[in-house]
Each structure stands twice: as structure tokens, then as C-alpha cells.
2 protein chains.
Amino acid sequence: MRNAEATKEKILEAAMAEFSAYGIAGARVDRIAKMAKCNKNMIYIYFENKEQLFSTVLEMHLTRVYEEFAFTPEDLPGYAARVFDFMMANPDLMRLMTWFTLEQKTEQLDQRKEAHNRKIAELAKAQEAGHIGTDFSPAFLLTSIMVLATAWMPTNPFGPSIDPASSGKTDELREAIMRAVGRLAGEPASTENR
Amino acid sequence: MRNAEATKEKILEAAMAEFSAYGIAGARVDRIAKMAKCNKNMIYIYFENKEQLFSTVLEMHLTRVYEEFAFTPEDLPGYAARVFDFMMANPDLMRLMTWFTLEQKTEQLDQRKEAHNRKIAELAKAQEAGHIGTDFSPAFLLTSIMVLATAWMPTNPFGPSIDPASSGKTDELREAIMRAVGRLAGEPASTENR
DNA sequence: GTTTACTAACTAACTGGTTAGTTCATAATA
DNA sequence: TATTATGAACTAACCAGTTAGTTAGTAAAC
């Protein structure tokens, strides 16, 4: 069966599994080839080298996320809940991003930075419009939300690895995260600050 | 100059730098030996093998943290601030912990789990005593605090790597983190929930 | 106090398995 | 037949771990 596209697809899938499990340095090209049931050479023909393959895999998955994922500045608890659900369903992506950050490959961050800046701008607008509180800067809010929404991923040293009791309590976690985000981004008018 | 203790010390120091930079898989024993200005064989004499060396380095640093670091359940914003300051001053340790979590070496977590459970128990007591709010479970609170306090470390994919503007604003960050933790752990009596 | 015997600290060179990347012959397809 | 996909075998470099031997310190024997 000759099918270049299908082979590429299988390689990308296997590479995702391998890289998310072992990182760039720990990943083995032979293992990827074996898992994809293709010859190692195909990997070098289709994807230059190991690093290029990693970049392709990461970029592919991130693009998918940015296309599918709506940011809703007026409903930040809901956004946090969706990030939480998505990441719980795709722990591999979170691992990939963490490996990437640790191995400090500075290239290819433009896409993410742009998306980040766009969100910050939207948050600022939402603050001006009074939809969300102004106690925290947009940048602080965004990072806080992302960090809370992904705190119970297996990549977090302070997450489930240290607190195994949390696994399985998905619904309680999502609910608590939403409340926490609400506390940070909540309308300041309705409470008595100062 | 012959000095076993000094040599061990130099190896541990070099290993810390190497492992935090490259992780276990990416670290090179030759590089550690060169950095420590000792012969590679000394590493194998003093520390069995590469993994053992990693474990020793991590354990050493964590023990130091657990001994020096007071947990203050009645002043959680202050605790968060101290975690923040400590981690900002020791980014290598955060990297080491993240590598460790990603490479899922399950051994040797007992020390950390114990410390974690002790903190959770203290938080529960503080809640009973009415020192802190009861809207979030102790486990949720603790993970949230740690995650917020370490969100602007270079290891976080949603931190400074994506938001370079945050670097340098240490004081603003610390202050915002303290306020955020206050929001999550604040006394519920003074606000009108429900 | 100086020679001898012993040991801990250290070194350089090596080994064998692993791994990223290549080559080339063959099979399928158009 | 020309082109493209594929896979087995190969290569060169790398790297964790080892070995065999050297040097420096120390203490007892004379």
C-alpha cells in the first residue's frame, strides 16, 4: 500500500506520542519509526531531522488549538473550564509544551505570542467595558487563569504527582477552578472593596 | 590537591547546573566532569551512576527547602510571596523539579508528599479555626497557591516565555500574587456569598 | 628523620552498546 | 519506462560506564 500522506500522518502521530513521553533529548527516532510502522528513512525524507519533526508536531497541534478555541473575555470562568477540559483530554499537548519550554527552543513562539497579545487586548477592552474586574492587569489575569486551569495536569510539580487524591475528582476541580477564576476576575462593583 | 569532600561538592554543583539546563536525558556526564574540573570516573565512584547523581542533587536541594521554609497557614499571601521570592532567586530548582515531573521518576517523592500532607492538615485546621476562608478545599488551595507563586518562572509555558513584558516587574508581580491568594483564601464571613 | 608499606584520590584511555542520519537496491505506480 | 515510495543494511559519532594504572598523603618501622 503506497500512500505518502497516510505515512506522514502515522509518523506525526507516533512522534506526538514519543516526544510527549520523552521530550526532544529523550525521544528515539527508531522508536517513532517502529510505532508508525514505517522505515526510519521516511522520517528523514518527510521531516528533515528530529528537531524539525518536533517543531512540526508542536506547531500542528498548537494551530489546531488556536483555531478551535474561542477566547471569551466576558466569561472567564467558562473559558478556564474549557481549557481545563481540553487539557485533561489532551495531556500529551501539555507535556509537549512543557518539554518545549524547558528545552528553550526560542524559535516558533511567534504564533503563541500573537495569540497571547490578542487575548490581553480583549481583556483590557472587557475591563474598560466593565464586564470584568480591574483589580488585576490583563496579563496577570491571563497567566493566572491558564495556570489555574492547567494546575492539575500531570506536568505540574505541585499537581497530581504530589496530590494523587485529586485524580478522579474532575468535576469538583472544574467547579472550583471556575469559582477561583471568578474571584480573580469578578466584577469589583458588586463587592465591597475598600 | 586531594580532597574528597571538595570534589564531591564540585560535582554536585556542576550536576545541578547541567541537569537543570538539560534534564536527565539531555545531561552529559562528560560535561559535568569537565565543569567540575574532575575526572569522569570520580562521578561513578562517588555517585553510582547518572540517575543516582540526579536523585542526589534533587534530594539535597529539596531537603534544604523543606528545612528552611516555614509554612504559615494563617498568612497565605505572605507564604506565596516567600515562595515567589525564593523561586525567582533559584530558577534552577524549579527547572529541576519540572524535569523530574516530566521524566516521571516515581521514586523519592515520599519526602515531598509528606510535607504536602502536613500542609494540607495545617490548612484544614486554619479553616476550622476561622483564620482562612472555607470556600476551597485545603488541597485545592495549596496547589493554587503554589501554582500562582510559580507562574512567572521560566518553566511555565504560560509565563514569561510567552509574556516577556512581565520580566523585571518583580515587585508588581509579588504584590498581585499576594492579592490573588488573599482573594482565594480570604475570610468568607466578610463577603456576601449566596 | 628517613625509608617502606599502604591507601585514598585521581587520571587517561578504552569499550561496547546506542543513536541520528545515509545509501542504495527494489517494488509499486503512472 | 520514469518516477516515486519503501525498507534493509550501513556508518560515523556519541556516550554511559569501566579498567588499569599513577600520584599524593600518611603512618608505622627502623
Side-chain angles (χ1 to χ4, degrees), chain A residues 1-60 95-96 99-100 102-105 107-108, chain B residues 1-60 96 99-100 102-108:
Chain A
M1 208 175 289
R2 252 119 207 289
N3 192 335
E5 280 315 307
T7 305
K8 278 186 204 176
E9 207 57 50
K10 280 195 297 178
I11 291 171
L12 284 170
E13 203 177 312
M16 176 68 176
E18 178 75 8
F19 282 126
S20 84
Y22 302 103
I24 304 177
R28 295 293 166 252
V29 177
D30 287 285
R31 220 153 38 193
I32 294 173
K34 198 174 179 182
M35 210 187 308
K37 280 175 193 159
C38 79
N39 191 273
K40 186 162 61 149
N41 190 28
M42 305 315 300
I43 293 172
Y44 289 93
I45 289 173
Y46 292 139
F47 306 95
E48 197 83 21
N49 57 37
K50 194 178 161 181
E51 287 228 5
Q52 188 64 42
L53 177 59
F54 179 88
S55 297
T56 307
V57 169
L58 180 64
E59 189 168 1
M60 200 182 70
R95 289 181 60 86
L96 215 62
W99 285 119
F100 179 83
L102 277 176
E103 308 212 5
Q104 37 203 348
K105 312 281 170 216
E107 19 98 13
Q108 207 262 321
Chain B
M1 211 173 286
R2 260 126 201 281
N3 190 334
E5 280 316 307
T7 307
K8 277 186 204 173
E9 208 54 53
K10 279 195 298 179
I11 291 171
L12 285 170
E13 203 177 312
M16 176 68 177
E18 178 75 8
F19 282 126
S20 84
Y22 302 103
I24 304 177
R28 295 292 166 255
V29 179
D30 288 283
R31 219 150 39 189
I32 295 173
K34 199 174 179 182
M35 211 187 308
K37 281 177 191 157
C38 79
N39 190 274
K40 183 162 64 150
N41 193 28
M42 301 316 294
I43 293 173
Y44 289 94
I45 288 173
Y46 292 140
F47 306 96
E48 197 83 20
N49 57 36
K50 193 178 161 181
E51 287 227 7
Q52 188 64 44
L53 177 59
F54 179 87
S55 297
T56 307
V57 169
L58 181 63
E59 188 169 0
M60 202 182 68
L96 215 63
W99 285 118
F100 179 83
L102 277 175
E103 308 211 5
Q104 38 204 350
K105 310 282 169 217
T106 43
E107 18 95 15
Q108 207 262 319

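In what follows, chains carry the letters A, B, and so on, assigned in the order in which the sequence lines appear, proteins first and then strands, with residues in each chain numbered from 1. Values below: all heavy atoms of this structure, side chains included; hydrogens, waters and symmetry mates excluded.
The NZ-P distance, from B:Lys37 to C:dT11, rounds to 12 Å in whole Å. If you measure from atom CG of B:Asn3 to atom C1' of C:dT11, you get 17 Å, rounded to the nearest angstrom. If you measure from atom CD1 of A:Ile11 to atom C1' of D:dT6, you get 11 Å, rounded to the nearest angstrom. Taking atom CE on A:Met42 and atom C1' on D:dA9, their separation rounds to 16 Å, with Å as the unit. For the pair B:Ile32 CD1 and D:dA16 P, the computed distance is 8 Å after rounding to whole Å. Between B:Glu5 atom CD and C:dA8 atom C1' there is a gap of 13 Å when expressed in whole angstrom units. Atoms NZ (B:Lys34) and P (C:dT11) sit 15 Å apart, rounded to a whole Å. If you take CD1 of B:Ile24 and C1' of D:dA16, they are 14 Å apart, rounded to a whole angstrom.
Of the listed nucleotides (D:dT18, C:dG21, D:dT6), D:dT18 has the atom at the smallest distance from the side chain of B:Tyr44.
Scanning both residues, A:Trp99 and A:Ser20, for their nearest heavy atoms gives NE1-O, 3.0 Å. Between A:Phe54 and A:Phe100, the closest heavy-atom pair is CE2-CD1, 3.5 Å. Nearest heavy-atom pair across B:Leu102 and A:Arg95 is O-NH2, 2.8 Å.
Contacts of A:Ile45 with the nucleic acid, taken as non-hydrogen atoms under 4.0 Å apart, include base atoms. If you check every strand for non-hydrogen atoms under 4.0 Å, A:Tyr46 touches sugar and phosphate atoms only.
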Under 3.5 Å between N/O atoms: give me all the protein pairs with nucleotides 19-23 of chain D, atom names plus distance.
| residue | atom | partner | partner atom | Å |
| --- | --- | --- | --- | --- |
| D:dT19 | O4 | B:Asn41 | ND2 | 3.0 |
| D:dT23 | O2 | B:Arg2 | NH1 | 3.2 |
| D:dT23 | O2 | B:Arg2 | NH2 | 2.7 |

Contact list (N/O, under 3.5 angstrom) for nucleotides 17-19 of chain C vs protein:
| residue | atom | partner | partner atom | Å |
| --- | --- | --- | --- | --- |
| C:dT19 | OP1 | A:Arg28 | NE | 2.7 |
| C:dT19 | O5' | A:Arg28 | NE | 3.3 |

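Regarding contacts with the backbone of D:dT6, a side-chain N or O of A:Thr7 is found under 4.0 angstrom from either OP1 or OP2.
The distance from atom CG of B:Asn3 to atom NZ of B:Lys8, rounded to the nearest 0.5 Å, is 10.5 Å. To the nearest 0.5 Å, the span separating CG on B:Leu53 from CG on B:Leu58 amounts to 11.0 Å. Annotation: the span from B:Lys50 atom NZ to B:Phe19 atom CZ amounts to 6.5 Å, rounded to 0.5 Å.
Each salt bridge (Lys or Arg N to Asp or Glu O under 4.0 Å) pair with one or both residues in residues 10-23 of chain B, not counting sequence neighbours, appears once here: B:Glu18-B:Arg31.
Side-chain contact between A:Ile32 and A:Met35 is absent, with no heavy atoms from C-beta onward closer than 4.5 Å. With contacts defined as side-chain heavy-atom distances shorter than 4.5 Å, the pair A:Met16/A:Leu12 does not qualify.
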